[in-house]
K.L.:
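Submitted below is the structure of interest, expressed as structure tokens.
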Amino acid sequence: MVKSAAVTKKSREFDPNTFLATIGEGRKNLAVSKKQAIYTQGDTADAVFYIQKGKVKLTVVSKTGREATIGILGEKNFFGEGALAGQALRMGSAAAMTDCEVLRIDKKEMMAALHREHAFSDMFVAYLLARNIRYEEDLVDQLFNSSEKRLARVLLLLAHFGKEGVPEAVVPKISQETLAEMVGTTRSRVSFFMNRFRKLGFIHYAGGLDGGLQVHSSLLNVVLHD
């Protein structure tokens, strides 16, 4: 009897990865084409999103119409979580940089799952803490490092160095304008440093300038060099 109860309990254990990989009440999969908007600044903040496949760009537009890229997210990243903190309207926009598969979780269902399932709430809190640390590092980077170091760091982060140590294509045709927005400098400066990085063998364009950007671990020398 005890064994049967244990088996039943085990079969009902909550798996956060299964929750984020399947549809259900308040959860649905969205297939988003490249450059398609997922939500727009000013939209009602009524859901949280989780990237199952692809890359998503987060942007914000000022009152004067100036647009800035505030992040590029890949698989296993959440976005739109401001909805959980009382954000009534989206403060920025999200659009697919590549063809994406995204899980949309209604705010109500997300809140219920966080309150009900400790494993999921632990996972989500750990994610938010890691994101907060990243924002603090971005601020320090912006305040104290040169634009060359900031660009090198952005490229390394996009290539996922420091996570698994394995380089990947960043994004097909990522524009120098987008990189300039993320770094906080001009397109001409980005162009100058990108050409320098390429000549030094830190990066290369797979399949030519129209291919995916490959980042090599040697680029760390730029970030670590005083």
K.L.:
Restricting to side-chain hydrogen bond (donor to acceptor under 3.5 Å, both in side chains), what partner residues turn up for Thr18, sequence neighbours left out?
P.N.:
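With neighbours one apart ignored, the set is Asp15.
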K.L.:
Which residues pass the side-chain hydrogen bond (donor to acceptor under 3.5 Å, both in side chains) test with Thr186, not counting sequence neighbours?
P.N.:
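Here the qualifying residues are Ser188.
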K.L.:
Using the six-membered ring wherever Trp is involved, compare the ring planes of His204 and His216 and label them parallel, tilted or perpendicular (cut-offs 30° and 60°).
P.N.:
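Aromatic pair His204/His216 classed parallel.
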K.L.:
Apart from Leu139 itself, what residues make up its hydrophobic cluster, given side-chain heavy atom links below 4.5 Å?
P.N.:
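Its cluster mates, by chain and number, are Val140, Leu143, Phe144.
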K.L.:
Determine whether more than 12 heavy atoms belonging to other residues, nucleotides or ligands lie under 6.0 Å from atom CZ of Arg116.
P.N.:
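Enclosed: over 12 neighbouring heavy atoms sit under 6.0 Å from CZ of Arg116.
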K.L.:
Work out which heavy atom in Val223 is nearest to a heavy atom in Arg153; give both atom names and the distance.
P.N.:
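Scanning both residues completely, I find the closest heavy atoms to be CG2-N, 3.9 Å.
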K.L.:
Quick check for you: to the nearest 0.5 Å, what is the distance between Asn29 atom CG and Cys100 atom SG?
P.N.:
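SG of Cys100 is found 12.5 Å from CG of Asn29.
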K.L.:
Closer than 3.5 angstrom, by distance alone: can the side chain of Asn145 be matched with the main-chain N or O of Arg150 as a donor-acceptor pair?
P.N.:
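A pair under 3.5 Å: no.
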K.L.:
Minimum heavy-atom separation for Ala152 to Val222, with atom names?
P.N.:
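Taking every non-hydrogen atom into account, CB-CG1, 3.8 Å.
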K.L.:
Under a single-linkage rule joining Ile, Leu, Val, Met, Phe, Trp and Tyr whose side-chain heavy atoms are separated by less than 4.5 Å, which residues share a cluster with Tyr39?
P.N.:
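Result for Tyr39 is Leu30, Val32, Ile38, Phe49, Ile51, Val56, Leu58, Val60, Ile70, Leu73, Phe79, Val102.
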K.L.:
If every non-hydrogen atom of Ser218 is compared with every non-hydrogen atom of Gly201, which pair is closest and at what distance?
P.N.:
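Minimum heavy-atom separation between Ser218 and Gly201: OG-O, 4.0 Å.
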K.L.:
Checking Ser146 side chain against Lys149 main chain: does a donor-acceptor pair fall under 3.5 Å?
P.N.:
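Yes.
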K.L.:
Using modelled atom types and a 3.5 Å cut-off, is there a donor and acceptor pairing between side-chain atoms of Gln36 and backbone atoms of Ser33?
P.N.:
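Yes, Gln36 side chain to Ser33 backbone: donor-acceptor pair under 3.5 Å.
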K.L.:
Can you name the side chain to side chain contact (heavy atoms under 4.5 Å, CB included) partners of Ser93, sequence neighbours left out?
P.N.:
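Checked Ser93 against side chain to side chain contact (heavy atoms under 4.5 Å, CB included); matches are Thr40, Gln41, Thr59.
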K.L.:
Check side-chain hydrogen bond (donor to acceptor under 3.5 Å, both in side chains) between Thr22 and all other residues, then give those that pass, not counting sequence neighbours.
P.N.:
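Expected list: Arg27.
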K.L.:
Between Ile105 and Leu20, does a side-chain contact (heavy atoms from CB on, under 4.5 Å) hold up when you go through it step by step?
P.N.:
CA-CA 9 Å; Ile105 311 170; Leu20 294 169; 3.9 Å; yes
K.L.:
Could you go through Thr185 and Leu151, starting from their C-alpha distance and side-chain angles, then the distance that decides it, and tell me whether this counts as side-chain contact (heavy atoms from CB on, under 4.5 Å)?
P.N.:
CA-CA 9 Å; Thr185 189; Leu151 176 60; over 6 Å; no
K.L.:
According to a hydrophobic-cluster definition based on side-chain heavy atoms being under 4.5 Å apart (Ile, Leu, Val, Met, Phe, Trp, Tyr only), do Met110 and Met91 belong together?
P.N.:
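No; Met91 is not reachable from Met110 via cluster members.
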K.L.:
In the structure I gave you, are the side-chain heavy atoms of Met194 and Tyr205 within less than 4.5 Å of one another anywhere?
P.N.:
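Contact flag for Met194/Tyr205 side chains = yes.
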K.L.:
Membership question, hydrophobic clusters at under 4.5 Å side-chain separation (ILVMFWY): are Tyr135 and Val154 in the same one?
P.N.:
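No, it is not one cluster - the side chains of Val154 and Tyr135 are not joined through contacts under 4.5 Å.
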K.L.:
Could you give all pairs that pass the salt bridge (charged side-chain N to carboxylate O under 4.0 Å, His left out) test and reach residues 70-92, with sequence neighbours left out?
P.N.:
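Passing the test, one end in residues 70-92: Glu81-Arg131.
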K.L.:
Quick check: does any side chain N or O of Asn132 sit under 3.5 Å from a backbone N or O of Leu128, one acting as donor and the other as acceptor?
P.N.:
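Checked: no pair found.
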K.L.:
So which atom in Ile203 and which in Leu213 form the shortest heavy-atom distance, rounded to 0.1 Å?
P.N.:
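The pair with the smallest heavy-atom distance is CD1-CD1, 4.0 Å.
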K.L.:
Taking the hydrophobic residues Ile, Leu, Val, Met, Phe, Trp and Tyr, and joining any pair whose side-chain heavy atoms are under 4.5 Å apart, which ones share a cluster with Leu129?
P.N.:
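Reading the cluster by chain and number, Leu129 sits alongside Val125.
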K.L.:
For the atom pair OH (Tyr127) and OH (Tyr50), what is the distance rounded to the nearest 0.5 Å?
P.N.:
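The distance works out to 9.0 Å.
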K.L.:
Which residues pass the side-chain hydrogen bond (donor to acceptor under 3.5 Å, both in side chains) test with Thr178, not counting sequence neighbours?
P.N.:
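Counting only residues at least two positions away or on another chain, Thr178 forms a side-chain hydrogen bond (donor to acceptor under 3.5 Å, both in side chains) with Ser175.
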K.L.:
For the NZ atom of Lys55 and the CD1 atom of Ile174, what is their distance to the nearest 0.5 Å?
P.N.:
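Going from NZ on Lys55 over to CD1 on Ile174, the span is 9.0 Å.
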K.L.:
A side-chain contact here means heavy atoms from C-beta on lying under 4.5 Å apart; do Leu114 and Asp122 qualify?
P.N.:
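SC-SC contact between Leu114 and Asp122 ruled out.
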K.L.:
Taking side chain to side chain contact (heavy atoms under 4.5 Å, CB included) as the definition, give me every residue that meets it alongside Glu181, ordered by chain and number, with sequence neighbours left out.
P.N.:
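For Glu181, the residues satisfying side chain to side chain contact (heavy atoms under 4.5 Å, CB included) (neighbours in sequence not counted) are Thr69.
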K.L.:
Can you see which heavy atom on Gln142 is nearest to which on Val183, and at what distance?
P.N.:
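Closest heavy-atom pair between Gln142 and Val183: OE1-O, 3.2 Å.
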K.L.:
To the closest 0.5 Å, what do you measure between NZ (Lys57) and CD1 (Ile72)?
P.N.:
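Spacing of NZ (Lys57) from CD1 (Ile72) equals 7.0 Å.
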K.L.:
Kindly say whether Arg66 contributes a backbone atom to a donor-acceptor pair with the side chain of Ser62 at under 3.5 angstrom?
P.N.:
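Pair found, side chain donor or acceptor close to backbone of Arg66.
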K.L.:
For Phe192, enumerate each residue passing the ring-ring contact (aromatic ring centres under 6.0 Å, His included) test, keeping only those at least two apart in sequence or located in another chain.
P.N.:
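In terms of ring-ring contact (aromatic ring centres under 6.0 Å, His included), with neighbours along the sequence ignored, Phe192 is linked to no residue.
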K.L.:
About how many Å separate OG1 of Thr44 and CG of Leu89, when rounded to the nearest 0.5 Å?
P.N.:
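So the CG of Leu89 and the OG1 of Thr44 are separated by 6.0 Å.
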K.L.:
If I compare all heavy atoms of Ala47 with all of Ala83, which pair ends up nearest, and what's the gap?
P.N.:
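Closest approach of Ala47 to Ala83: O-CB, 3.9 Å.
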K.L.:
For the atom pair CG (Leu220) and CG (Leu156), what is the distance rounded to the nearest 0.5 Å?
P.N.:
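Interatomic distance, Leu220 CG to Leu156 CG, rounded to 0.5 Å: 5.0 Å.
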K.L.:
Going by side-chain hydrogen bond (donor to acceptor under 3.5 Å, both in side chains), name the pairs with one or both residues in residues 106-115, residues two or more places apart or in two chains.
P.N.:
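For residues 106-115: Arg104-Asp106.
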